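Notes to accompany the following structure.
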Protein chains: 2
Amino acid sequence: MTERGRVTLSDVAAVAGVSLSTASRALNGGGRVSTATRSRIAEAARRLDFRPNALAQSFALGRSRTIGILAQNARGAFTEPVLVGAVAHLGSREQACLLYDTGFDPDTMAESVRRLLARRVDGLLVLGDGLRAGMRSVTAEFSVPVAYAFGLTDREGDSCYVPDSRMAGRLAGEHLLSLGRRRIAHITGDAADTAATGREQGLLAALADAGLPPAADTLRGDWSRAWGATACRRLIGSGARFDAVFCGNDQIALGVESVLRQSGRHVPDDVALVGVDNWEYVISGRSTRHLTTVDTGLAALGAAAAAQVADGREAPGTHAHPCTLVIGATTAGPQPEG
Amino acid sequence: MTERGRVTLSDVAAVAGVSLSTASRALNGGGRVSTATRSRIAEAARRLDFRPNALAQSFALGRSRTIGILAQNARGAFTEPVLVGAVAHLGSREQACLLYDTGFDPDTMAESVRRLLARRVDGLLVLGDGLRAGMRSVTAEFSVPVAYAFGLTDREGDSCYVPDSRMAGRLAGEHLLSLGRRRIAHITGDAADTAATGREQGLLAALADAGLPPAADTLRGDWSRAWGATACRRLIGSGARFDAVFCGNDQIALGVESVLRQSGRHVPDDVALVGVDNWEYVISGRSTRHLTTVDTGLAALGAAAAAQVADGREAPGTHAHPCTLVIGATTAGPQPEG
DNA sequence: GGCCGTTGCGCAACCGCTTGCTCAAGCGCG
DNA sequence: CGCGCTTGAGCAAGCGGTTGCGCAACGGCC
């Protein structure tokens, strides 16, 4: 025993003077074992520094302690945080994960599903690539829990986790209103993207609650800085008066800010600015944040979806994941730098 | 057989009319099996759609098909891409991964190491948090391959993968020189960070090769946009003449750009600008990139480190991972928007 | 005091696959 | 023609646990 290898359960049993089965039952909490015997075995395990062979255990139990992850585009800017959040959470629950980056090809995806089944994964997390199109549901092909993050499926009742876009718009709107802004314009991205429409709805709802109309019709384009600049010029050119702009994402906000300054307007005194995505990272805590933005909480979203897969039993269905407001210089105080 | 469960190897053996052992050897390629028998078994396996029980296989082989990942800070802005690159690569090699996000506490780390050993991981990837401080080497505690990404260890001979900071500076410098810029200034972050010093050295080397001095002394501060703005004002105030600024990261570059414009200088005609990190994401391919930057290739770095762990046999030692130049509007052509 | 229910523990089967060893057959060479 | 080596294939052990079932001891109740 303990020759030069590991301590096995039979070592523990021998030391405790019981049989393998009793030792197993004692350590797993199940079965009928007297308190005295149980503690004797526990003590022996502790003394020997017994660590169960996870491989054998998994095998005997038929559970792999592994969660499969199917990503349509793991390297996407938005999927990365979701993925990391999920993987980190799984780690904290002692679950390994096996990631297949399938792209959008149904055949590759089907093949990956077969591989995961062969590997006896304990659960499956499917990572979408945003809200553009519904994913094909694979829930029925698995007997283990399946959840979807950052995307919706074509099947009712699947556990889907998506950012709460309406909340993002509402948070931004309410923040601007709380600063006394009354003429709020909205510049956003792709109208086909439900993130854009959700954020817009949230903003409009906040404005409606305050009894205010938007300062101008929503300007829709793409998600780029260039579009933000173009749209801002158009907004200025239209003659509309506005004291705040809610931008569909941070890139747009940067473009807008740039044009505002060129036109002689001061940010945030003349025009306050809010983006979405919290793309600006802060390395040291000292530096102040430039852009006020809404953090969509993607990592937490990934963790929540992972929790559903690993631990189960949140109610199935679509979960809109909350977001948070992050205040920066573009809505607060004077803006001293850059 | 095939009752209601899975197809097992004994089913295949029975169909092929051979013993379990022969079937096992035939499918694994090893042992001595005649070509005829081998193909008969392969055919049977195909017909039955046999998929080996990965759990049992792992158990018998003593390999978990799992790589441990020890991250000091998984949610760091820079570790995320490294992590995703690594996890994705491991997936393509059929390796699961088990992530422990330990923080910097040595005790937590030691406990995680023990857990990973108990789980019989096939390899270990340690994810640092940049180049600030050396990590404690754990290579000796494992009999399986260990690699370190995004950080160096306190032990000679470990397999470490870090970004090539000098190359980043050199690429930026050579690009600016190739555009005809001759008065290149440098604004960068924390002088204690080897990423900052490496990039600076690379830039200076490129300038020296061209027989040019820098346009001004390097300005060192932090990595923030605010510092970029401050430094740029200082640079202008110093009266130095310059037609390009290489910025230690993209945030600094944004701050610099903002001040340049306020001061009436045109980017890139009057002053060209290069950052580092490639922080600007591009959602649709159409939109043009704003900032010229150096992509440090963190995902590829993670993949390379993972490859070393999973497949082994690159030479051990420190590997400086190459980076690439990404051209945007701040060095190319006229800058139409924002 | 006898009977039955409960409790505590061990025996042995089993999970599905890998692999060392054994044995039989085939074949070339002296 | 016989010997020994090579080749092909099977037997069975073992990996390290889990678990159904059986058995013995014990205690309460009529």
Side-chain angles (χ1 to χ4, degrees), chain A residues 1-42 44-45 48-66 94 117-120 122, chain B residues 1-45 48-66 94 117-122:
Chain A
M1 27 204 130
T2 320
E3 284 285 21
R4 33 156 257 91
R6 298 251 177 355
V7 180
T8 81
L9 184 59
S10 64
D11 297 332
V12 176
V15 168
V18 297
S19 72
L20 250 74
S21 37
T22 305
S24 171
R25 273 187 270 258
L27 294 177
N28 291 335
R32 295 198 286 238
V33 184
S34 71
T35 316
T37 311
R38 188 180 295 274
S39 61
R40 193 149 42 89
I41 293 172
L48 295 174
D49 191 32
F50 169 67
R51 301 190 165 260
N53 180 338
L55 261 59
Q57 219 166 358
S58 294
F59 173 46
L61 260 43
R63 293 188 293 104
S64 58
R65 293 171 158 283
T66 299
E94 300 289 337
L117 286 169
R119 189 120 173 198
R120 311 282 206 279
D122 294 346
Chain B
M1 25 205 126
T2 320
E3 285 286 21
R4 34 155 256 90
R6 297 252 177 357
V7 179
T8 81
L9 185 59
S10 64
D11 297 333
V12 176
V15 168
V18 297
S19 72
L20 248 76
S21 38
T22 305
S24 171
R25 274 187 269 257
L27 293 178
N28 291 336
R32 293 200 286 239
V33 184
S34 71
T35 316
T37 311
R38 190 179 295 274
S39 60
R40 196 150 39 91
I41 293 171
E43 168 63 14
L48 294 174
D49 190 32
F50 168 67
R51 300 190 165 260
N53 180 337
L55 262 59
Q57 219 166 358
S58 293
F59 173 46
L61 260 43
R63 293 189 292 104
S64 58
R65 293 172 159 282
T66 299
E94 300 290 337
L117 286 169
R119 187 117 174 201
R120 311 281 207 279
V121 291
D122 294 346

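The sequence lines fix the lettering, A, B, ..., with proteins before strands; numbering per chain opens at 1. Since this is a predicted model, take the numbers as computed values, not measurements.
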Tell me: [atom1] of [X] to [atom2] of [N], nearest whole Å?
X      : N      : atom1 : atom2 : value
A:R120 : C:dC15 : CZ    : P     : 13 Å
A:R63  : D:dT18 : CZ    : P     : 11 Å
B:L9   : D:dC15 : CG    : P     : 20 Å
B:L20  : C:dT18 : CG    : P     : 9 Å
A:L27  : D:dT18 : CG    : C1'   : 12 Å

- Under 3.5 Å, side chain of A:R120 to main-chain N/O of A:A118, donor-acceptor pair present? yes
- If only atom types and distance count, is the side chain of B:R119 paired as donor or acceptor with the main-chain N or O of B:S64 below 3.5 Å? no
- Got a sec, which residues hit salt bridge (charged side-chain N to carboxylate O under 4.0 Å, His left out) with A:R51, two or more places apart in sequence or on another chain? A:D49
- Please say whether more than 12 non-hydrogen atoms of neighbouring residues, nucleotides or ligands are located less than 6.0 Å from CZ in B:R40. yes
With a 4.0 Å limit, can you tell me whether [X] has a side-chain N or O closer than that to the phosphate oxygens OP1/OP2 of [N]?
X     : N      : result
B:S24 : C:dT18 : yes
B:S34 : D:dA9  : yes
A:S21 : D:dT19 : no
B:T22 : D:dG10 : yes

- Would you say A:V18 and A:V33 make side-chain contact, with heavy atoms under 4.5 Å? no
Considering all heavy atoms, the nearest [X]-[Y] contact:
X      : Y     : result
B:L117 : A:R6  : O-NH2, 3.8 Å
A:A23  : A:I41 : CA-CD1, 3.8 Å
B:V7   : B:F50 : O-CD1, 3.5 Å

- Note on the structure: Side-chain atoms of B:V18 come closest, of C:dG8, D:dG10, D:dG8, to D:dG10
- Query: When rounded to the nearest 0.5 angstrom, what is the spacing between CG in B:N28 and CG in B:L9?
  - Reply: 8.5 Å
Any protein N or O atoms within reach of nucleotides 22-24 of chain D? Criterion: under 3.5 Å, listing atom names and distances.
none

- Item | DNA chain D contacts among residues 50-61 of chain B, heavy-atom distance under 4.0 Å | B:F59
- Presence of donor-acceptor pair under 3.5 Å, side chain of B:R25 and base of D:dG10: yes
